[in-house]
Amino acid sequence: MSTESRAGKLLANVDEPVCLDSIEVYDMSEMANLSPKRTGIDGVVIYAGRADDRGKHSPYRIKVSVGKAWGASDKAFSMGIKGSTKGKWFRVKGSSYKAESDVPAKYLKAARLFIERNEQLLIDWVDYDGLEDDSERFVPRVKSVKD
């Protein structure tokens with residue numbers, strides 16, 4: 001069962017007991033939806049926090065959804081936030097953006113600026129392993145690209 005369907009089942013069946021052994025650590029971690037109002041990037045929702053860390057790719061990435069929320073838009077991409085992947089574009093499965101050149105330059109530039117302004121915060125967010133709600137700890141400290 002995929003992470004999304006496990007999460008959906010958990011939310012849909014909150015009265016039923018859940019065996020926590022079947023939930024991976026990354027299933028319980030939170031990615032926050034950062035709205036255009038918070039990021040300063042019109043028409044884009046950025047997803048930050050600890051992402052899928054199954055070893056398929058580095059968890060040090062943000063996800064960018066253009067036009068609509070994640071899952072409702074077929075225009076999405078991912079971008080590295082640390083080391084040799086910082087500012088590097090990555091394709092998202094199912095996205096109509098098949099290559100970096102498909103993404104409007106203004107969104108690429110804005111995402112890179114967002115990473116630049118929030119690099120250490122984003123890295124700390126991924127590395128955070130505490131019990132406190134990630135959103136409460138990190139979201140208020142996000143810097144807009146317009147600041």
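Everything numeric in this text was worked out from a predicted model, so none of it was measured.
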Residue list, side chain to side chain donor-acceptor pair (under 3.5 Å) with Lys75, at least two apart or on another chain: none
Test of ring centre spacing under 6.0 Å for Phe77 and Phe90: no
Shortest non-hydrogen separation from Gly43 to Pro36 and the atoms involved: N-CG, 4.1 Å
Worked check of side chain to side chain contact (heavy atoms under 4.5 Å, CB included) between Thr39 and Val145: CA-CA 6 Å; Thr39 65; Val145 299; 5.9 Å; no
For Lys82, all residues meeting salt bridge (charged side-chain N to carboxylate O under 4.0 Å, His left out), sequence neighbours excluded: none
Derivation and outcome, side chain to side chain contact (heavy atoms under 4.5 Å, CB included), residues Tyr107 and Val44: CA-CA 8 Å; Tyr107 295 132; Val44 169; 3.3 Å; yes
Residues Arg137, Tyr128; criterion side chain to side chain contact (heavy atoms under 4.5 Å, CB included); working and verdict: CA-CA 10 Å; Arg137 182 176 182 89; Tyr128 180 67; 3.2 Å; yes
Any donor-acceptor pair under 3.5 Å from Ser95 side chain to Ala76 backbone: yes
From Leu121 atom CG to Ile115 atom CD1, the distance as rounded to the nearest 0.5 Å: 12.5 Å
Trp89 vs Val103 side-chain heavy atoms within contact, under 4.5 Å: yes
Side chains of Ile62 and Leu122 in contact at under 4.5 Å (non-hydrogen atoms): yes
Rounded distance (nearest 0.5 Å) linking atom CG of Asp124 with atom CD of Glu119: 10.0 Å
Partner residues of Arg38 under the salt bridge (charged side-chain N to carboxylate O under 4.0 Å, His left out) criterion, sequence neighbours left out: none
Heavy-atom check, side chain of Tyr60 versus side chain of Ile123, under 4.5 Å: yes
Over 12 foreign heavy atoms within 6.0 Å of NZ, Lys98: yes
By salt bridge (charged side-chain N to carboxylate O under 4.0 Å, His left out) - contacts of Asp42 (at least two apart): Lys146
NZ (Lys86) with more than 12 external heavy atoms under 6.0 Å: yes
Side chain Arg61, main chain Ala48, donor-acceptor under 3.5 Å: no
Salt bridge (Lys or Arg N to Asp or Glu O under 4.0 Å) contacts touching residues 99-111 (sequence neighbours left out): Glu100-Arg112
Donor-acceptor contact below 3.5 Å, side chain Ser73 vs main chain Val66: yes
Phe114 vs Ile41 side-chain heavy atoms within contact, under 4.5 Å: yes
Stepwise side chain to side chain contact (heavy atoms under 4.5 Å, CB included) test for Met79 and Leu108: CA-CA 9 Å; Met79 193 166 277; Leu108 293 169; 3.9 Å; yes
Interatomic spacing from CG in Asn33 to OG in Ser65 - rounded to 0.5 Å: 9.5 Å
Any residue meeting side chain to side chain donor-acceptor pair (under 3.5 Å) with Asp74, in chain and number order, not counting sequence neighbours: none
Rounded distance (nearest 0.5 Å) linking atom CZ of Arg117 with atom OG of Ser144: 7.0 Å
Distance, nearest 0.5 Å, that separates OG of Ser78 from NZ of Lys88: 11.0 Å
